[in-house]
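For reference, the structure is listed below as structure tokens.
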Amino acid sequence: MSEESEELPGDQTPAAPAPAAGSRRPVIKKRQKRKDRQEELEQPDEFVEVGGTIVDWVLERGKPIGIGLGTILAGLLVVGVVQRVDSGNRMDAAEALFLAKKDLPGASGPTAPGLEAPDDADRVKKLDSAVAALGVVAQEHAGTPQAALAALHAGSALYREGRYEEALARFEAANAGEGPAAAFALNSKAYALESLGRTDEAATAFEGVRAAARGGAREQATLDLARVYEAAGKADQARALYE
């Protein structure tokens with residue numbers, strides 16, 4: 001039998017010859033059927049589909065969304081206006097406080113040699129005028145930190161003059177206000193109560209000061225509280241704090 005007609009065992013076909021060195025194997029591309037390609041082109045784009053759904057949703061609910069956005073914008077506008085008004089009120093209050101405070105007389109004390117002693121009547125008149133002006137600031141600018149500060153300044157001036165009852169009323173007003181002056185006024189209120197001999201109330205006030213204070217301020221409040229306990233006859237409580 002000739003070599004051309006010889007069959008291989010098992011009906012096997014001869015293996016393809018190996019490519020020569022340096023030659024590239026041809027790439028066989030799989031032909032895509034026309035029908036499959038057409039179906040692929042007809043598939044909707046995911047981004048377009050999702051985007052279209054969102055747009056449809058917005059259009060269907062355009063009125064409620066518009067109302068909601070309008071409400072939000074109106075709220076932001078109101079907040080901005082309120083903040084500007086509040087800032088303006090604080091600036092006016094600060095200016096009024098400065099004008100009222102500058103007329104407060106200094107603390108009374110020994111007169112230096114060669115200087116004339118101040119007129120007590122004139123001093124009292126100036127003090128009363130300044131305290132009244134500070135009271136106007138506190139009333140007209142109520143709710144601002146400057147209002148509490150005005151009451152605190154008035155109380156401090158009265159306290160320095162030994163007018164403890166009047167000072168106490170100002171300290172209480174300041175303590176009921178806003179800002180750092182309100183917290184500081186509690187300490188001044190405690191001193192005024194102690195000066196009036198109302199030791200139980202003073203102890204309560206100093207306890208509040210001590211609870212809120214830190215560091216050196218707490219140590220001072222501890223000593224103040226111990227002193228008031230001692231004056232009130234509460235020796236054991238005073239000793240515990242001193243220790």
Side-chain angles (χ1 to χ4, degrees), residues 76-112 114-196 198 201-202 205-206 208-221 224:
L76 293 174
L77 180 62
V78 170
V79 170
V81 171
V82 169
Q83 288 180 343
R84 289 191 63 182
V85 171
D86 181 63
S87 178
N89 288 341
R90 292 192 179 199
M91 290 182 64
D92 293 341
E95 182 179 1
L97 175 61
F98 173 77
L99 294 174
K101 191 179 70 170
K102 70 182 181 64
D103 292 331
L104 280 172
S108 59
T111 304
L115 295 179
E116 183 179 355
D119 184 358
D120 288 341
D122 183 59
R123 179 183 180 81
V124 170
K125 183 178 179 180
K126 287 182 178 180
L127 174 61
D128 289 340
S129 177
V131 167
L134 289 167
V136 172
V137 173
Q139 183 176 5
E140 292 185 351
H141 300 279
T144 65
Q146 288 79 11
L149 196 55
L152 181 60
H153 280 301
S156 298
L158 291 166
Y159 184 89
R160 288 194 298 266
E161 298 299 315
R163 295 162 62 172
Y164 302 128
E165 197 72 52
E166 295 174 79
L168 177 61
R170 270 65 175 190
F171 291 146
E172 288 177 336
N175 184 228
E178 300 288 338
F184 188 79
L186 180 60
N187 192 60
S188 300
K189 174 183 174 181
Y191 281 116
L193 287 167
E194 181 185 6
S195 298
L196 290 168
R198 295 158 61 174
E201 295 173 78
F206 278 127
V209 174
R210 183 172 182 266
R214 296 291 182 271
R218 181 177 174 83
E219 293 175 1
Q220 182 60 54
D224 291 334

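Taking CZ of R210 as the reference point, atom CG of D224 lies at 11.0 Å (rounded to 0.5 Å). Residue L127 holds its CG atom at 5.5 Å from CG of L158, rounded to the nearest 0.5 Å.
Partners of F206 under the ring pair (Phe, Tyr, Trp, His ring centres under 6.0 Å) rule, at least two apart in sequence or in another chain, are Y191. Under the salt bridge (Lys or Arg N to Asp or Glu O under 4.0 Å) criterion, E194 pairs with R227, not counting sequence neighbours. Applying the side chain to side chain contact (heavy atoms under 4.5 Å, CB included) test to A173 and every residue at least two apart in sequence or in another chain returns A151. Legend: residues meeting side chain to side chain contact (heavy atoms under 4.5 Å, CB included) with S195, ordered by chain and number and at least two apart, are Y159, Y164. Taking the salt bridge (Lys or Arg N to Asp or Glu O under 4.0 Å) definition, one finds that K125 meets it with nothing, sequence neighbours left out. Applying the side chain to side chain contact (heavy atoms under 4.5 Å, CB included) criterion to A150, with sequence neighbours excluded, gives L97, L134, V137, A138.
With contacts defined as side-chain heavy-atom distances shorter than 4.5 Å, the pair R123/E161 qualifies. Residues Q146 and H141 have side chains not in contact (no heavy-atom distance under 4.5 Å, counting atoms from C-beta outward). Residues Q139 and V136 form no side-chain contact, since every pair of their non-hydrogen atoms from C-beta on lies 4.5 Å or further apart.
Remark: the backbone N or O of L152 is not paired with any side-chain donor or acceptor of R170 at under 3.5 angstrom.
Between A147 and G143, the shortest heavy-atom contact is CB-N, 4.4 Å.
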Show every donor-acceptor pair shorter than 3.5 Å between a side-chain atom in residues 180-190 and any protein atom, with sequence neighbours excluded, or say none if there are none.
none

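Legend: salt bridge (charged side-chain N to carboxylate O under 4.0 Å, His left out) pairs involving residues 128-157, not counting sequence neighbours, sorted by first then second residue: D128-R163.
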